[in-house]
There are 2 protein chains.
Amino acid sequence: MNMAFTIKEASERLGCSAPTIRYYEKEGLLPYIKRDKHGNRLFEQDHLDWIRLMKCFRATGMKMSLLKQMVNLALDGDSTIPQRKSILNQYKEDLFRRQSELAEALDAVNNKLSIYEDIEMGRASSESQLLNKMENQQHSASDREG
Amino acid sequence: MNMAFTIKEASERLGCSAPTIRYYEKEGLLPYIKRDKHGNRLFEQDHLDWIRLMKCFRATGMKMSLLKQMVNLALDGDSTIPQRKSILNQYKEDLFRRQSELAEALDAVNNKLSIYEDIEMGRASSESQLLNKMENQQHSASDREG
DNA sequence: ATAATCCTTAAACCGCGCTTTAAGGCAACC
DNA sequence: GGTTGCCTTAAAGCGCGGTTTAAGGATTAT
């Protein structure tokens with residue numbers, strides 16, 4: 001067994017472009033890719049799994065430079081596990097920060113949307129200053145211009 | 001009343017650089033900024049609130065071009081509210097997508113971390129292939145190499 | 001044999017979102 | 001009246017993360 005994939009197969013399975021994969025390899029994020037006799041890359045399942053993981057981390061804000069640090073540490077063996085844990089724990093903090101940013105944004109969007117509905121239903125007006133139209137944060141809080 | 005702020009005050013209150021604020025204005029994200037007799041910008045509370053909201057949206061992946069669309073629609077009056085709602089609803093979808101990406105990444109990080117702890121405690125080994133060191137997804141799932 | 005389809009590389013290019021630089025104006029303090 | 005410190009503008013520069021281009025090699029199908 002030990003099935004190997006061409007770059008095209010890999011890119012199809014992963015949903016990321018072949019140039020991107022090559023770029024990752026060039027940047028050192030993807031060590032130990034073997035080649036066939038013609039110099040064509042051969043990806044194994046392990047590589048696909050690692051790329052998939054990188055994709056997941058990248059999509060949530062991890063920098064390539066951090067991925068590279070982790071690769072380099074991994075290549076240095078198990079003695080670097082504490083450092084890798086520390087990187088991942090920092091990244092985890094980052095994820096939590098992003099979660100609360102998302103929650104905040106969701107609140108703000110919902111607030112805006114309900115303001116718009118109020119305006120549509122005639123329950124509120126879009127105030128004087130033009131910016132207020134986008135900007136009317138209070139939403140039926142203070143109405144001292146009766 | 002109707003307190004106005006210099007760009008420096010605005011940038012301090014908002015935690016974003018003065019050049020960024022100028023850039024936003026230039027890009028049309030920030031209409032109706034008044035000037036004093038010397039041509040210096042004067043920001044009112046409304047502007048600060050709107051910038052703060054933009055910051056919140058930007059931090060969670062909204063493109064400047066989308067912000068600009070919303071500004072332009074707002075400048076066209078209440079008749080564009082349906083379009084603005086539609087934009088915000090799409091963005092909301094985006095936020096949900098990001099939320100699940102974050103959740104996925106958190107899972108993956110926690111998985112990695114527990115693999116590392118297993119290795120540290122001698123409960124698992126860091127397998128053969130070098131990539132496996134980073135890459136050993138299964139984590140005490142299948143161990144058919146007895 | 002020729003065309004299509006895959007692969008390779010190096011290098012150039014791109015969009016985004018700022019940041020930095022350069023050149024200058026006004027105002028207040030010492 | 002010079003220095004400091006704020007402001008202005010236009011334009012250039014930058015870091016990131018790829019994408020695109022160009023030039024070429026090998027395999028397969030017709």
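Predicted model, so just to flag it, every value in this text is computed and none were measured. Every chain is numbered from 1 and lettered A, B, ... according to where its sequence line falls, protein lines coming before strand lines.
- Remark: H38(B) is not in phosphate contact with dT8(D), judged by side-chain N or O atoms under 4.0 Å from OP1 or OP2.
- Here the side chain of Y24(A) is nearest to one of dT8(C), dG18(D), dA26(D), namely dG18(D).
- Between R22(A) and dT19(D) there is no side-chain polar atom (N or O) within less than 4.0 angstrom of OP1 or OP2.
- Rounded to an integer number of Å, the gap from K26(B) NZ to dT8(D) C1' is 13 Å.
- Between the CD atom of E12(B) and the P atom of dC6(D) there is a distance of 9 Å, given to the nearest Å.
- Here dT4(D) presents its P atom at 16 Å from NZ of K8(B), a figure rounded to the nearest Å.
- For T6(A), no side-chain nitrogen or oxygen approaches OP1 or OP2 of dC6(C) to under 4.0 Å.
- Computed from coordinates, the N40(A) CG to dT27(D) C1' distance equals 10 Å when rounded to whole Å.
- If you take OH of Y23(A) and P of dA12(C), they are 16 Å apart, rounded to a whole angstrom.
- Annotation: side chain of W50(B) is in contact with side chain of L67(B) (closest heavy-atom distance under 4.5 Å).
- With distances taken from any side-chain atom of M64(A) to the nucleotides dT20(D), dG17(D), dT8(C), the minimum falls on dG17(D).
- Among dT19(D), dG17(D), dT9(D), the nucleotide with an atom closest to any side-chain atom of S17(A) is dT19(D).
- One interatomic measurement links the two molecules: CD1 of I7(A) to P of dT19(D), which rounds to 12 Å at whole-angstrom precision.
- Listed nucleotides: dT19(D), dT9(C), dT8(D). Nearest to the side chain of R41(B): dT8(D).
- Atom CD of E25(B) and atom P of dG17(C) are 18 Å apart (whole Å).
- The separation between M62(B) atom CE and dG17(C) atom C1' is 16 Å, rounded to whole Å.
- If you check dC18(C), dT8(C), dT8(D) against the side chain of R58(B), the one that comes closest is dC18(C).
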